[in-house]
Amino acid sequence: MDFESLKVNQALMAEIESLLLASGKLQLSCEGCSNNAQTHCNNCNVLLCQSCEEDHSKYKPFINHKLTPTTEMRVLPKARQTCTKHKTKELRLFCSTCQALICDDCPIKDHKDHNYDLLEQMAGDQRTQLAEQAALVEQAIIPLQQGIQAIKQEEATLAQSREATKKSIQESYDALARTVEQRCEEVKDKVDEVYRKKQKILEGQWKGVGLVVASMQSASRHVRHVADICNDQQVAEGFGQTTTRLQALRERPFDLSPDTSGRIGFAWPKGETSAWLMECIAKKGRVTAHEVDVSRCVAEGEGLEKATPGKTSTFTVQLKDHLGQACVADGEIVEAREVASDAEPVRAASAEDIRVQDISDGICEVSYVARGPGVLQLEVLIDGCPVPGSPFSIHVAGV
């Protein structure tokens with residue numbers, strides 16, 4: 001690798017110089033006598049010790065020169081740069097066409113018809129633009145911070161809903177004596193499980209946005225700091241890359257709506273009384289995340305197309321939210337039942353021993369035994385609502 005061809009990171013160099021000067025560990029020498037420098041003449045661009053400073057100020061042409069104590073310097077003084085072609089000429093211009101420093105004589109031939117400006121003026125304008133872009137980044141941070149607050153509020157609502165739901169569960173099960181205690185704890189554990197998953201989603205979301213905010217804040221501070229401490233050359237050379245990065249940070253799209261709701265509910269199955277529940281409570285009671293979108297749920301599998309009489313057929317039901325993503329919900333909201341066929345005179349088949357079983361979060365398996373031959377009409381419901389395609393016409397072959 002040709003290391004000599006690599007460009008110097010001027011912003012980083014300025015930052016290193018600033019840190020060294022701030023630490024007080026960098027010893028600067030007077031350019032007149034090599035003693036420890038105390039001040040810097042901004043007009044002459046020289047470091048001076050106390051003695052040389054006094055001599056310097058005695059001369060009438062230097063009386064109004066501005067002196068800066070070395071303890072207040074934020075960057076090291078830069079030597080006067082001269083043109084490599086026009087040896088005695090100072091590099092006072094910046095050619096935008098070539099992205100290079102040039103002297104007053106360069107535009108005559110080598111940079112003829114190029115776009116160039118005074119370096120001092122250009123750097124001043126660019127500092128203003130950097131400050132404006134940093135302000136835009138800071139404005140872009142505001143909706144992100146508001147989004148974080150909204151997500152945190154949803155997380156707080158989730159925690160409140162968690163406690164309220166657990167209390168409701170406890171009150172309901174306490175009235176059903178000791179036979180319901182085991183199921184009560186199972187449902188409470190389910191609430192905790194749903195809470196952990198949803199809380200993890202919300203926490204991960206706001207923390208992720210928070211990292212972006214922190215990155216944007218850091219970039220804004222860094223740009224302001226660099227624009228303040230860099231000399232004109234450093235500002236001009238780093239301007240294009242810096243503004244591109246700031247624009248990318250500012251225009252990055254974000255979806256600040258919570259990725260999951262902050263609610264957990266509890267309910268008894270529809271149509272069942274407390275007296276009936278007393279007999280089968282050990283297997284009843286469910287927790288939902290209130291996110292299942294029946295229109296997005298999918299029932300699929302060979303058991304929805306064909307079946308063999310006397311043999312168990314199966315298919316699955318995938319519970320999904322409004323985004324089409326798998327969601328956490330208890331399989332007890334899934335129901336499958338035989339319905340009468342309107343397709344006369346087609347011979348109707350029947351089904352028995354219909355069962356629904358959770359096989360993983362958001363996926364249930366439905367099994368049944370067909371009796372036929374004929375066409376079996378099977379309705380698949382989620383919380384009492386039919387899934388897309390229900391009822392299904394299933395061909396039951398002859399034995």
Side-chain angles (χ1 to χ4, degrees), residues 183 186-187 190 193-194 265-277 279-399:
R183 181 57 180 172
E186 291 174 355
V187 176
K190 189 68 175 180
E193 178 184 341
V194 172
F266 173 77
W268 297 113
K270 293 183 178 180
E272 298 179 355
T273 64
S274 59
W276 183 86
L277 289 172
E279 300 176 359
C280 57
I281 193 62
K283 296 183 179 180
K284 296 295 180 180
R286 60 184 173 84
V287 175
T288 67
H290 291 299
E291 290 182 344
V292 177
D293 185 342
V294 178
S295 66
R296 296 280 188 149
C297 296
V298 178
E300 59 185 0
E302 186 176 359
L304 287 176
E305 300 175 0
K306 59 184 179 179
T308 301
K311 294 185 178 181
T312 300
S313 299
T314 62
F315 61 89
T316 59
V317 178
Q318 297 182 15
L319 305 179
K320 298 187 177 184
D321 60 16
H322 67 288
L323 298 175
Q325 299 176 343
C327 58
V328 179
D330 198 306
E332 291 183 13
I333 65 174
V334 177
E335 179 185 3
R337 63 190 182 189
E338 181 184 352
V339 294
S341 174
D342 295 330
E344 298 294 344
V346 177
R347 183 176 179 180
S350 61
E352 57 187 35
D353 198 20
I354 301 176
R355 300 183 182 184
V356 178
Q357 180 181 6
D358 276 326
I359 57 176
S360 66
D361 286 334
I363 301 179
C364 302
E365 181 182 74
V366 180
S367 63
Y368 65 92
V369 177
R371 300 297 179 190
V375 176
L376 169 64
Q377 294 291 316
L378 199 64
E379 188 174 44
V380 180
L381 307 172
I382 296 177
D383 238 352
C385 300
V387 301
S390 179
F392 298 89
S393 297
I394 304 168
H395 177 70
V396 182
V399 179

Separation between CZ (Arg337) and OG (Ser390), nearest 0.5 Å, reads 8.5 Å

Is there a side-chain contact between Ile382 and Val292, using heavy atoms and a 4.5 Å cut-off? yes

Once you round to the nearest 0.5 Å, how far does CG of Leu304 lie from CZ of Phe315? 4.5 Å

Hits for side chain to side chain contact (heavy atoms under 4.5 Å, CB included) against Ser295, two or more places apart or cross-chain, chain-then-number order -> Asp293

Got Ser350 and Glu338 here, is their nearest side-chain heavy-atom distance under 4.5 Å? yes

Let me confirm one number: the CD1-OH distance from Ile394 to Tyr368, rounded to the nearest 0.5 Å. 3.5 Å

Find out whether Val317 and Val356 are in side-chain contact, i.e. whether some heavy atom of one side chain is under 4.5 Å from a heavy atom of the other. no

Tightest non-hydrogen contact, residues Val387 and Val294, listed as CA-CG1, 4.0 Å

Reported CD-to-CG distance for the pair Gln325 and Leu319, which is rounded to 0.5 angstrom: 14.0 Å

Considering residues at least two apart in sequence or located in another chain, which fulfil the side-chain hydrogen bond (donor to acceptor under 3.5 Å, both in side chains) criterion with Glu300? Gln318

What one should report as the nearest heavy-atom pair of Ala336 and Ile354 is O-CG2, 3.5 Å

Is any side-chain heavy atom of Ser393 less than 4.5 Å from a side-chain heavy atom of Gln377? yes

Mind listing the closest non-hydrogen atom pair of Lys320 and Arg296 along with its distance? CD-O, 3.5 Å

Just to verify, what does Pro388 make a side chain to side chain contact (heavy atoms under 4.5 Å, CB included) with, not counting sequence neighbours? none

Looking at Glu302 and Lys306, is there a salt bridge between them, counting it only when a charged N and a carboxylate O are closer than 4.0 Å? yes

